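Contents: one structure, followed by commentary.
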2 protein chains.
Amino acid sequence: MKEGPDIARIGMLFGDPARANMLTALMGGQALTATELAQAAGVTVQTASSHLSKLEEGGILAQRKQGRHRYFTLADAAAGTLLENIMGFAASRGHLRHRPGPKDPALRKARVCYDHLAGDYGVRMLDSFVARGAIESDGDNLTMTEDGRAELGTLGIDVASLTSNRRPLCKSCLDWSERRSHLAGTLGKALLAHFLENGWARRSDESRAVLFTPDGERKFLSLFPAG
Amino acid sequence: MKEGPDIARIGMLFGDPARANMLTALMGGQALTATELAQAAGVTVQTASSHLSKLEEGGILAQRKQGRHRYFTLADAAAGTLLENIMGFAASRGHLRHRPGPKDPALRKARVCYDHLAGDYGVRMLDSFVARGAIESDGDNLTMTEDGRAELGTLGIDVASLTSNRRPLCKSCLDWSERRSHLAGTLGKALLAHFLENGWARRSDESRAVLFTPDGERKFLSLFPAG
DNA sequence: TTCATACTTCGACCGTAACCGAAGCATCTT
DNA sequence: AAGATGCTTCGGTTACGGTCGAAGTATGAA
């Protein structure tokens, strides 16, 4: 009845298990077809189709049709950020969906969180940046220092080109598996892209896991020593 | 089925209109009784009681009983921040619940957003800080400058005492009525408290509106000139 | 054209949860 | 002690939305 944004509308969109599963699957950052999302959610394609149209209608998902396929992605970075926030909050309240059996250790070690690196390696990277003064941390507000810019330059990452006024350069994102923060933002995205492009790691086909090569892992660990 | 935070659980909590209304009411930052919340949500006390226990169970609300009253508040700043995020996202998608009749212009001018100032005056304040170099803005990441610390010191606000590692000093928060950002974080909280304590403004009894006195408004406007 | 694949729409079923009336506790007042 | 107020619990109704089978549309392949 009151004035204001319609929280309930978007809360409801996130509030269904099937839809939540689809969105979690899309946190991998890559576009998925309706059938793939149906499988991820554990429902039939008809049901999935209904859910997907609701999510699109609500501005959370975007669709692009290609031939007879329909690829769905998160609508934009804002949708991804909100998802991350909700995941972080849920994790902070202990609302985890534990599968006590054989968990996937690769997922806890390193995975994709929309477009950046999460998991053990994700928090390790941020911790390392903060420890050596490349990034300054004030609460969960992160700022890049001059030293940091220089260091990333030697890695071949041009920080200046990453600054945008639509999305922050550095952003902390609460990691559900580690209960600590890892690095998001355009820099987080660029770093993950860097690892993948230079062959340090590759994405798993089935899950959001990031699989490091032996050589890539050695480089990563020496670049980001544990605190 | 998959591993991960239970998004659906908390999405569902935000996804009911009655609960959403209660949470919106609690964005005022002050504790409300079960009966008041029932009225705000437009349901009976029995129904409200059920909703409130679910929200408390989910870690979104906290309760403290005082005599025969039960006061409810948002559990912590994290809950408030998540609410703000969802409101901002909903507003960015145009999901507003318009009451086309007599809107409340006071609410659009200045209102409380959990614990800081929002509305026209809220974004004006942040814009002004950024324009004069007291705060630097990188995307929606905000950083306080030395000039800013000095200026706030003359106002009687000790910035050093506001730094915490649980909550950022400056944080941007998307304003649904203005579609721009205003200042949140511990500094945003301190500034609102400053206005209220020094009699520049007072809170409305019925709504989240912040009502400036003629004198307070003059001081505010000269302190934060429009861009 | 004919068949196969990818997806949507329709219709019906069904379970969950939102809702309220009534009754039950707890706390304060007189 | 008796009454009033604030809130919760119980029980029963109802409606909304998630679900799938079946049929319909669009695109690609043979």
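Keep in mind it's a predicted model, so treat the numbers as computed, not measured. So that the names make sense, note that chain A is the first sequence line, chain B the second, and so on, each numbered from 1.
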Rounded distance in Å - [atom1] ([X]) to [atom2] ([N]):
X: E57(B); N: dA17(C); atom1: CD; atom2: P; value: 13 Å
X: Q39(B); N: dG6(D); atom1: CD; atom2: C1'; value: 14 Å
X: R70(B); N: dT8(D); atom1: CZ; atom2: P; value: 5 Å
X: R68(A); N: dA4(C); atom1: CZ; atom2: P; value: 12 Å
X: Y71(B); N: dT5(D); atom1: OH; atom2: P; value: 16 Å

Taking atom CD of E57(A) as the centre, report whether more than 12 heavy atoms of other residues, nucleotides or ligands fall under 6.0 Å from it.
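Atom CD in E57(A) is not crowded, with 12 or fewer foreign heavy atoms closer than 6.0 Å.
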
Using a cut-off of 4.0 Å on non-hydrogen atoms, how would the nucleic acid contact of S53(A) be classed: base, sugar-phosphate, or nothing?
nothing

Between T81(B) and K171(B), is there a side-chain heavy-atom distance shorter than 4.5 Å?
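Yes; the side chains approach each other to less than 4.5 Å.
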
What nitrogen or oxygen pairs link the protein and nucleotides 11-20 of chain D at under 3.5 Å?
unit_1, atom_1, unit_2, atom_2, d
dG18(D), OP1, R19(A), NH2, 2.9
dG18(D), OP2, K54(A), NZ, 2.7
dT19(D), OP2, H51(A), NE2, 2.6
dC20(D), OP2, T44(A), N, 3.1
dC20(D), OP2, T44(A), OG1, 3.1
dC20(D), OP2, T47(A), OG1, 2.9

Output the single nucleotide from dT8(D), dT8(C), dA29(D) whose closest atom is nearest the side chain of F72(B).
dT8(D)

Would one find a side-chain N or O of K65(B) under 4.0 angstrom from OP1 or OP2 of dA26(C)?
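K65(B) to dA26(C) OP1/OP2: no side-chain N or O under 4.0 Å.
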
For residues [X] and [Y], report the shortest heavy-atom separation together with the two atoms involved.
X: F72(B); Y: E56(B); result: CE2-OE1, 4.5 Å
X: H116(B); Y: A184(B); result: CE1-CB, 3.4 Å
X: L74(A); Y: G80(A); result: CD1-CA, 3.8 Å
X: V123(A); Y: H182(A); result: N-CB, 3.8 Å

